[in-house]
> 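Once you've had a glance at the structure underneath, I'll fire off some questions.
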Amino acid sequence: MNEKYILIFVILIIIVVIFVVLLVILNNNSKVIIKTKTITKKDIPSKKTISIKDMVEIAARRDSSEADLEKAIDDVASQLPFPKKIKHRVPKEAKIYLNFVLLIASHRNCNAKMIAHMDKVIKQANPDYAREIDIYENEGLRERSKRI
């Protein structure tokens, strides 16, 4: 008889546990929501395209630092090739590139080492313009000597 009570008690406990589990499952209204983020062009940081006008503005500003000038020189040499000559003549579009050389050479924060670096990298990138680069560089140096 004692065994019957134990068996009934165990069965009742199992039924109560099952009932509680079912109540918890039925009352649990929380849903799992998975959000995925779609990447748009707006979210991707795009490299700002540089132009020769931006570089000339940096060279023309009196408060441009040596680091700014050095970066502008490297950007022009690597990313902004001079326009092709037409029948061995310099096109009008190349004037702004040559003015950049003049402005760098005459800038008050530009030193001899930087001018030599500019001479080297810009001539390597634009060998057809070596003569014109020398002319504008010398003009910039002349303006620099007048200023000092």
> Which one of Met118, Lys71, Met55 satisfies the side chain to side chain contact (heavy atoms under 4.5 Å, CB included) criterion with Val76?
Met55
> Can you measure from CD1 (Ile50) to OG (Ser78) and round to the nearest 0.5 angstrom?
6.5 Å
> Partners of Asp128 by salt bridge (Lys or Arg N to Asp or Glu O under 4.0 Å), sequence neighbours excluded?
none
> Would you compute the distance between atom CG of Leu69 and atom CD1 of Ile104 and round it to the nearest 0.5 angstrom?
4.5 Å
> Between Ala105 and Leu141, which heavy-atom pair has the shortest distance, and what is it?
O-CD2, 3.9 Å
> Going only through I, L, V, M, F, W and Y residues with side-chain contacts under 4.5 Å, is there a path from Phe19 to Ile11?
no
> First locate atom CD of Glu137, then atom CD1 of Ile115, and finally report the distance between them rounded to the nearest 0.5 Å.
6.5 Å
> Does Ser106 reach the main-chain N or O of Glu143 with its side chain, forming a donor-acceptor pair under 3.5 Å?
no
> Check for a donor-acceptor pair, side chain of Asn111 on one end and backbone N or O of Met114 on the other, with a separation under 3.5 Å.
yes
> Looking at Lys113 and Glu66, is any side-chain nitrogen of the basic one under 4.0 Å from a carboxylate oxygen of the acidic one?
no
> List in chain and number order the residues that pass side-chain hydrogen bond (donor to acceptor under 3.5 Å, both in side chains) with Lys120, two or more places apart in sequence or in another chain; answer none if no residue qualifies.
none
> Please assess Glu132 against Phe82 for the test side-chain contact (heavy atoms from CB on, under 4.5 Å), listing each intermediate value before the final yes or no.
CA-CA 11 Å; Glu132 289 83 3; Phe82 286 27; over 6 Å; no
> Using the rule that Ile, Leu, Val, Met, Phe, Trp and Tyr join whenever any side-chain heavy atoms are under 4.5 Å apart, tell me whether Val21 and Ile13 fall into a single cluster.
yes
> Please answer: with hydrophobic residues joined when any side-chain heavy atoms are less than 4.5 Å apart, are Val17 and Phe9 in the same cluster?
yes
> Please give me the minimum heavy-atom distance between Leu80 and Ser51, naming the atom from each residue.
CD1-C, 3.8 Å
> Could you tell me the separation between the NE2 atom of His107 and the CD1 atom of Ile58, rounded to the nearest 0.5 Å?
10.0 Å
> Partners of Asn138 by side-chain hydrogen bond (donor to acceptor under 3.5 Å, both in side chains), sequence neighbours excluded?
none
> Out of curiosity, Ile133 CD1 to Phe100 CZ, how far, rounded to the nearest 0.5 Å?
11.0 Å
> Check for a donor-acceptor pair, side chain of Asp68 on one end and backbone N or O of Ser64 on the other, with a separation under 3.5 Å.
no
> Rounded to the nearest 0.5 Å, how far does CD1 of Ile122 lie from CG of Asn126?
7.5 Å
> Report, one line per pair, each donor and acceptor closer than 3.5 Å where one atom sits in a side chain of residues 88-99; sequence neighbours left out.
unit_1: Lys95; atom_1: NZ; unit_2: Tyr136; atom_2: OH; d: 2.8
unit_1: Asn99; atom_1: ND2; unit_2: Lys95; atom_2: O; d: 3.4

> Report the residues that fulfil salt bridge (Lys or Arg N to Asp or Glu O under 4.0 Å) with Asp134, sequence neighbours left out, ordered by chain and then residue number.
Lys123
> side-chain hydrogen bond (donor to acceptor under 3.5 Å, both in side chains) with Glu70: which residues, sequence neighbours excluded?
His117
